[in-house]
Amino acid sequence: MPDRRSRSGRRNRRAVATSLFYGLTIGFGTGFVGSGGGMMMLVVFTAFLGMNRKIAVGTSTFIMTFTAIIAFVSHSLIDPTILFDEWKILILCMATESAASIASAQFANRVNSRTVGLVTGAVLTVLGVIMILMKILL
């Protein structure tokens, strides 16, 4: 009869294999089309790996930080003029994102995991509707 350690080891190996499979699949897929895969990884973290929503959101955000830095550096190396032509927009976006990030982290730390999930879903739904409307109207 298998002991606890061997079952735990199998679960850990399965979690690592699941993480690698979905991480590589989402990474390659979103890399080809130029979109971020952080929100897709959020689904993997919660649905397939059983993470708590708050931990999953934090982990996904942490990963997106490095993805964004790599994308910024690579795009800047390909076309450095973007830094000089659009520097005002760049600084405005950085300041706005930083303030919103701090506020949302404080909010997430005060509420339960279910509320974090509902708010995340609502924000993504609103953003999706805005993107569709912009595509139709513009």
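For clarity, every value in this text was computed on a predicted model and none was experimentally measured.
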Could you list the donor-acceptor pairs under 3.5 angstrom formed between side-chain atoms of residues 107-123 and any protein atom two or more places apart in sequence or on another chain?
from	atom 1	to	atom 2	distance (Å)
N109	ND2	A105	O	3.1
N112	OD1	R114	N	3.2
N112	OD1	T115	N	2.8
N112	OD1	T115	OG1	2.9
S113	OG	R53	N	3.3
T120	OG1	V116	O	2.7

Please tabulate, for side-chain N and O atoms in residues 37-47, each donor-acceptor pair with protein atoms closer than 3.5 Å (sequence neighbours left out).
from	atom 1	to	atom 2	distance (Å)
T46	OG1	L42	O	3.0
T46	OG1	V43	O	3.3

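- Counting side-chain heavy-atom gaps under 4.5 Å among Ile, Leu, Val, Met, Phe, Trp and Tyr, the cluster of V126 also holds I130, M134, L138.
- Distance CD1/I91 to CE/M94: 7.0 Å, rounded to 0.5 Å.
- For F62, the ring pair (Phe, Tyr, Trp, His ring centres under 6.0 Å) partners are F66, not counting sequence neighbours.
- Each side chain to side chain donor-acceptor pair (under 3.5 Å) pair with one or both residues in residues 85-105, not counting sequence neighbours, would appear here, but there are none.
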Show every donor-acceptor pair shorter than 3.5 Å between a side-chain atom in residues 18-27 and any protein atom, with sequence neighbours excluded, or say none if there are none.
from	atom 1	to	atom 2	distance (Å)
T18	OG1	R14	O	2.8
S19	OG	A15	O	2.8
T25	OG1	F21	O	2.7

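- Among L127, L133, I132, the one residue that satisfies the side-chain contact (heavy atoms from CB on, under 4.5 Å) test with V129 is L133.
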**Request:** Go through F84 and L90 one step at a time and tell me if the side chain to side chain contact (heavy atoms under 4.5 Å, CB included) criterion holds.
**Result:** CA-CA 10 Å; F84 304 112; L90 179 66; over 6 Å; no

